[in-house]
Undergrad: 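I am attaching a structure below and will ask some questions about it afterwards.
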Amino acid sequence: MDRKVRVRFAPSPTGPLHMGGVRTALFNYLFARKQDGDFLLRIEDTDQNRYVPGAEDYIIESLKWCGLVPDEGVGFGGNFGPYRQSERKDIYYKYAEQLVANGNAYYAFDTPDELDALRAEAEADKGVFSYDTHTRLKLKNSLTLSRDIVEEKIKAGEPWVIRFRMPEDTVVTENDLIRGEVSFNTASLDDKVLFKADGMPTYHLANVVDDHLMQISHVIRGEEWLSSMPLHILLYKALGWEDTRPRFAHLPLILKPVGKGKLSKRDGDKMGFPVFPLLWKDPVSGEQYRGYREDGYLPEAFVNLLALLGWNAGNDQELFTMDELIQSFSLDRVVKSGARFDPEKAKWFNRHYLQQRPDAWLSESFRKQLEEKDVAAGDQERLIRIVGLIKDRCTFPADLWEHGSYFFVAPGSYDEKTISKRWKDDTSGKLQAIADFFKSLDNWEAEQIKEDFSAFMNQKEWSFGQVMVPIRLALVGSSQGIDLFLIFGLLGKEETIRRIEKALQVIKTA
RNA sequence: GGCCCGUUCGUCUAGGGGUUAGGACGCAAGAUUUUCAUUCUUGUAGCAGGGGUUCGAAUCCCCUACGGGCUACCA
C-alpha cells in the first residue's frame, strides 16, 4: 500500500527567494497536485545569524503570486506544525542524543578557532582538513575523552556540538528519482555537525527529523543537496526510520545566461532581467533587486517559463496552464543537466500570456499608467478599443504607453530620420491641402474617412506613399503605429487637423 | 585538491542501437500590413573529443576534456 504523497518546500529565510527556489517550489507543487498529495511550506530558520527580516513574508507572497498555495505550513495551518524550525527547537536534541546513545554520533568540544587553525594548517600543506574517520580520534570529543571528562566539560558549561559518526568505507547507493542510481563511499565523507553549540540543530538533522515527523514521502530539492544525500540516508537509518524514509529527487540547477556558474543575485542587474519573483529591498543595505512581478511579467508566464527550465512534457507543447502542467508533470521527465536561463524566451512567454488577457484587464493597467503620468485616460470604451488595437505590439503592460501614448498626448518631437527621408519639398503643401480637406468632412468615422480621402487623393492624382508617412509623423511623431485611418477616427477630427498643422509649423523644410 | 553530477543547434529541449537528428526562443529572408509591430512561410545552426562493443552508434561501455555542485557549529 502506497503512502500518501506529501512533499515540502523548505526555504531558509536568509533573503529573497530566487527564481531557482520558486522553480523548486513549483515542481514540488505540481508533483503533489498530480498525485493528489499535500504540499507543505516549512521555514528552515535554524541559523539565527543569517535570519533576514521580511524574507519569510517575501517567500509566502511569492508563492501566492505564482499560485503555489501550500496545503500546510507557516501561514497556512496544518496538523504537523509548527512549521518554522525555530519553533521546533525543543524536539531536535532528543534525536541527537539518541544517535549518541546508539553510537552513531558523539559530542565534540573542538572550538571553531581550533578547527580553523587545523584547516589553515592543512591548507598550508596543500591539503584539506576534514573532521572524519581519520582525524576524529586525534580531536577533542567523546570518542577520545573519558566519560567522566566529557560529563565534566558539559556540566562546566563548555560549548559542545554533536557530530555524526560517519561509518568507515561503506558504499551508500540511492536511486534518485531524476538521476537514477547514485553512489557514495563514506570514506570521502566527513563527520558533519548535527547539533550546534547554540542549541539549534543543523540543517541536516532538522531536515531529516522534520521530514520524518511531517511524513514527507518525497524530497524534491536542488542539486546542491545531492552530496548530502548519503548523510541524510544514513541518518534515517541510524534513527531507525529507514522503512518510511522519503525518496529523493535532485533538480538540475539554473545557470547564468552567459558566463560561468549558477544564476546569482546580481546577475539580474548586470544582464537586465529579474532573478527574483518580486521586488526586494534589502532591509539592511537598502539595496534593491527587481522582480518579475514589478517588471510586468504575468504570473502564468513566469510559472510557465520556470516549468520549462529543466522539464518538458515529452512532446512539442511549450505553453501550459497550471492545470495542464499538473496533468503533464512527472519527475522522470525532469532533465539532468543544468539549464541556462534565457531572458529572451522569458519575454516570449510573457508576450503570449499578455495577449491572452482581456482588453478590459489591460485597459486597467493602461489607465493606471496614464494616471501616473497625469494624462487623462478619458472614455473607458475608447480606452479598451485602443488597447485592443495596440496590444499585439506589447510584451509588457508598460509597453501600452509606448505604443499608445499618441492617442492621449500629441507628439512633442518628430523623428529626424523619418523627416529627412520622407518629408519632401512639396510635402508641406500637400499636407496643408489635406488638412483643409479634412475640415470639410462631416462624417469623421474611420471607414468613411478612408473612402473620402481616397477620392480626394485620386482627384489630386497624389499617391498615398507620398503623404501617409508624413501624416503619420505629424500624428504620432514617428513612422510607427496602427492603421492611420483608425488613428484619425480615434483622435477625432479637430485633434487630427490640429496635429497636422502643428507639424507644418514645426517641421521646416530647407 | 577530493567526492558527486552532467555534456544534442547560440539558448531551452525531443530523440535511449538503423531518423533527411524533430520542436521552441533568437537570428535571417520572403509574404501580408502603402508605415512600424504583429501574423504567416521559409531558412540558419547541433550529437565535446578519442577509443571500444556492434553489420550498424547521438543512443551502450571506457578514457580525456569541459561544465556544474558540494567540500562551515550556512542552508
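In this text the structure is predicted, and so the values were computed from the model without any measurement. Letters go in sequence order (proteins before strands), and every chain restarts at 1.
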Undergrad: To the nearest angstrom, how far is D392(A) atom CG from A37(B) atom P?
TA: 12 Å
Undergrad: Of the listed nucleotides (G26(B), G23(B), A75(B)), which one gets closest to any side-chain atom of E224(A)?
TA: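 Side chain of E224(A) sits closest to A75(B).
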Undergrad: When the P atoms of G15(B) and U35(B) are compared, how many Å lie between them, rounded to an integer?
TA: 44 Å
Undergrad: Take the angle between the ring planes of F276(A) and Y58(A) and call it parallel below 30°, perpendicular above 60°, tilted in between.
TA: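 F276(A) vs Y58(A) ring planes: perpendicular.
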Undergrad: So G222(A), base contact, sugar-phosphate only, or nothing? Heavy-atom distance under 4.0 Å.
TA: nothing
Undergrad: What does U44(B) pair with, Watson-Crick or G-U, if both distances are under 3.5 Å?
TA: G26(B)
Undergrad: Taking pairing as Watson-Crick or G-U wobble with both contacts under 3.5 Å, can you name the mate of A58(B), or confirm there isn't one?
TA: none
Undergrad: With side chain to side chain donor-acceptor pair (under 3.5 Å) as the rule and sequence neighbours excluded, what pairs involving residues 15-27 of chain A come up?
TA: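 Passing the test, one end in residues 15-27 of chain A: no pairs.
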Undergrad: Any donor and acceptor pair, going by atom type alone, linking the side chain of Q98(A) with main-chain N or O of V100(A) inside 3.5 Å?
TA: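 Not a single qualifying donor-acceptor pair exists.
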Undergrad: Are F438(A) and F488(A) an aromatic pair by the rule of ring centers under 6.0 Å?
TA: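 Yes, the ring of F438(A) comes within the 6.0 Å limit of the ring of F488(A), centre to centre.
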Undergrad: Over all strands shown, is V476(A) touching base, sugar-phosphate only, or nothing at heavy-atom distances under 4.0 angstrom?
TA: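 Contact class for V476(A): none.
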Undergrad: Is the phosphate of U71(B), meaning OP1 or OP2, less than 4.0 Å from a side-chain N or O of K192(A)?
TA: no
Undergrad: Any side-chain N or O of S130(A) less than 4.0 Å from the OP1 or OP2 oxygen of G2(B)?
TA: no
Undergrad: Check the distance between A75(B)'s P and Y92(A)'s OH and give it to me in whole angstrom.
TA: 11 Å
Undergrad: Is the ring pair F396(A)/Y297(A) parallel, tilted or perpendicular, if the boundaries are 30 and 60 degrees?
TA: perpendicular
Undergrad: Kindly say if K262(A) contacts the phosphate of C70(B), meaning a side-chain N or O under 4.0 Å from OP1 or OP2.
TA: yes
Undergrad: Please tell me if R163(A) has a side-chain N or O lying less than 4.0 Å from either OP1 or OP2 of C73(B).
TA: yes
Undergrad: Give the nucleotide from the list G10(B), C5(B), C73(B) with an atom nearest to the side chain of E223(A).
TA: C5(B)
Undergrad: How far does the P atom of A31(B) sit from the matching atom of G22(B), given to the nearest Å?
TA: 27 Å
Undergrad: For U7(B) and A48(B), measure between their C1' atoms and round to the nearest Å.
TA: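 The answer is 7 Å between these two C1' atoms.
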Undergrad: According to the interplanar angle, ranging from 0 to 90°, do the rings of H250(A) and F248(A) count as parallel (below 30°), tilted (30 to 60°) or perpendicular (above 60°)?
TA: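 Aromatic pair H250(A)/F248(A) classed parallel.
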Undergrad: Pick the P atom in A24(B) and in U19(B), then give their distance to the nearest Å.
TA: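 Roughly 23 Å separates the two P atoms.
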Undergrad: So, do Y92(A) and F195(A) have ring centers that fall under 6.0 Å from each other?
TA: no
Undergrad: Partner lookup for A31(B), please. Criteria are Watson-Crick or G-U wobble with both distances under 3.5 angstrom; report none if nothing qualifies.
TA: U39(B)
Undergrad: Does anything in residues 178-188 of chain A come within less than 4.0 Å of RNA chain B? Heavy atoms only, and list the residues if so.
TA: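 Listed by number, they are R179(A), V182(A), S183(A), F184(A), S188(A).
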Undergrad: What integer distance in Å separates L308(A):CG from A14(B):C1'?
TA: 12 Å
Undergrad: For D110(A), which contact category applies under a 4.0 Å heavy-atom criterion: base, sugar-phosphate, or nothing?
TA: base
Undergrad: Under a 3.5 Å limit for both distances, which nucleotide forms a Watson-Crick or G-U wobble pair with A14(B), could you say?
TA: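 Pairing partner: none.
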Undergrad: Strictly by Watson-Crick or wobble contacts shorter than 3.5 Å, is anything paired with U53(B), and which nucleotide is it?
TA: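 Base partner found: none.
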Undergrad: V193(A) near the nucleic acid: base, sugar-phosphate alone, or nothing, with a heavy-atom cut-off under 4.0 Å?
TA: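 Sugar-phosphate contact only.
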Undergrad: State which of U7(B), G69(B), A75(B) makes the closest approach to the side chain of S337(A).
TA: U7(B)
Undergrad: Between C5(B), C74(B), U34(B), spot the one nearest the side chain of L226(A), thanks.
TA: C5(B)
Undergrad: Could you label the plane-to-plane angle of the W462(A) and F456(A) rings as parallel, tilted or perpendicular, counting under 30° as parallel and over 60° as perpendicular?
TA: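 W462(A) vs F456(A) ring planes: perpendicular.
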Undergrad: Report yes or no: do R8(A) and N28(A) form a side-chain donor-acceptor pair below 3.5 Å?
TA: no
Undergrad: Give A339(A) one of three labels, base, sugar-phosphate or nothing, depending on what nucleic acid heavy atoms sit under 4.0 Å from its own.
TA: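 Result for A339(A) = sugar-phosphate.
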Undergrad: Between G6(B) and U13(B), how many Å separate the two C1' atoms, rounded to a whole number?
TA: 15 Å
Undergrad: Reckon I482(A) touches a base, only the sugar-phosphate, or nothing at all at heavy-atom distances under 4.0 Å?
TA: base
Undergrad: Starting at the 5' end of RNA chain B and moving along, which residue's nearest nucleotide shows up first, V128(A) or P159(A)?
TA: V128(A)
Undergrad: Counting side-chain heavy atoms from C-beta on, which of G26(B), C74(B), U35(B) comes nearest to W348(A)?
TA: G26(B)
Undergrad: Which listed nucleotide (G69(B), G26(B), G23(B)) is nearest to the side chain of S227(A)?
TA: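 Minimum distance to the S227(A) side chain belongs to G69(B).
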Undergrad: Can you tell me the distance, in whole Å, between the OH atom of Y107(A) and the C1' atom of C73(B)?
TA: 15 Å
Undergrad: Mind listing the closest non-hydrogen atom pair of I390(A) and H403(A) along with its distance?
TA: CG2-O, 3.7 Å
Undergrad: Just N and O in the side chain of K345(A): are any of them under 4.0 Å from OP1 or OP2 of G10(B)?
TA: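 It does not, given that no N or O in the side chain of K345(A) lies less than 4.0 Å from OP1 or OP2 of G10(B).
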Undergrad: State whether the side chain of D399(A) and the backbone N or O of T395(A) hold a donor-acceptor pair below 3.5 Å, judged by distance alone.
TA: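 A pair under 3.5 Å: yes.
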Undergrad: Between A58(B) and G46(B), how far apart are the two P atoms, rounded to whole Å?
TA: 15 Å
Undergrad: What is the separation between atom CG on L354(A) and atom C1' on U38(B), rounded to the nearest whole Å?
TA: 13 Å
Undergrad: Looking at A37(B), C25(B), C12(B), which one has an atom nearest to any side-chain atom of R351(A)?
TA: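 The closest nucleotide is A37(B).
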Undergrad: Could you state the atom-to-atom distance from CZ of R472(A) to C1' of U35(B) in whole Å?
TA: 5 Å
Undergrad: Without decimals, in angstroms, what is the distance between K450(A) NZ and U33(B) C1'?
TA: 10 Å
Undergrad: OP1, OP2 of U13(B) versus side-chain N and O of N312(A): anything below 4.0 Å?
TA: no
Undergrad: Would you say K260(A) places a side-chain N or O within less than 4.0 Å of OP1 or OP2 belonging to G67(B)?
TA: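 Yes.
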Undergrad: Answer yes or no: does a side-chain N or O of R333(A) lie under 4.0 Å from OP1 or OP2 of G15(B)?
TA: yes
Undergrad: Write down the distance separating the C1' atoms in G16(B) and C74(B), rounded off to the nearest Å.
TA: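 Roughly 39 Å separates the two C1' atoms.
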Undergrad: Can you tell me how far P in G26(B) sits from the matching atom in U64(B), rounded to whole Å?
TA: 41 Å
Undergrad: Indicate, with a heavy-atom threshold strictly under 4.0 Å, whether G261(A) touches base, sugar-phosphate, or nothing.
TA: sugar-phosphate
Undergrad: How is D45(A) classified with respect to the nucleic acid when contacts are heavy atoms under 4.0 Å: base, sugar-phosphate, or nothing?
TA: nothing
Undergrad: Please report the distance, rounded to the nearest Å, between CZ in F488(A) and C1' in U34(B).
TA: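 It works out to 13 Å between those atoms.
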Undergrad: Enumerate, atom names and distances included, each donor-acceptor pair closer than 3.5 Å involving a side-chain atom of residues 161-170 of chain A, sequence neighbours excluded.
TA:
{"residue": "R163(A)", "atom": "NH1", "partner": "D191(A)", "partner atom": "O", "Å": "2.7"}
{"residue": "D169(A)", "atom": "OD1", "partner": "N185(A)", "partner atom": "ND2", "Å": "3.0"}
{"residue": "T170(A)", "atom": "OG1", "partner": "T186(A)", "partner atom": "OG1", "Å": "3.3"}

Undergrad: Contact class for S463(A) vs. all strands (heavy atom < 4.0 Å): base, sugar-phosphate, or nothing?
TA: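 Since no nucleic acid heavy atom lies under 4.0 Å of S463(A), the category is nothing.
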Undergrad: I want to verify a distance call: between C73(B), A75(B), G26(B), whose nearest atom is closest to the R50(A) side chain?
TA: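 Looking only at side-chain atoms, R50(A) lies closest to A75(B).
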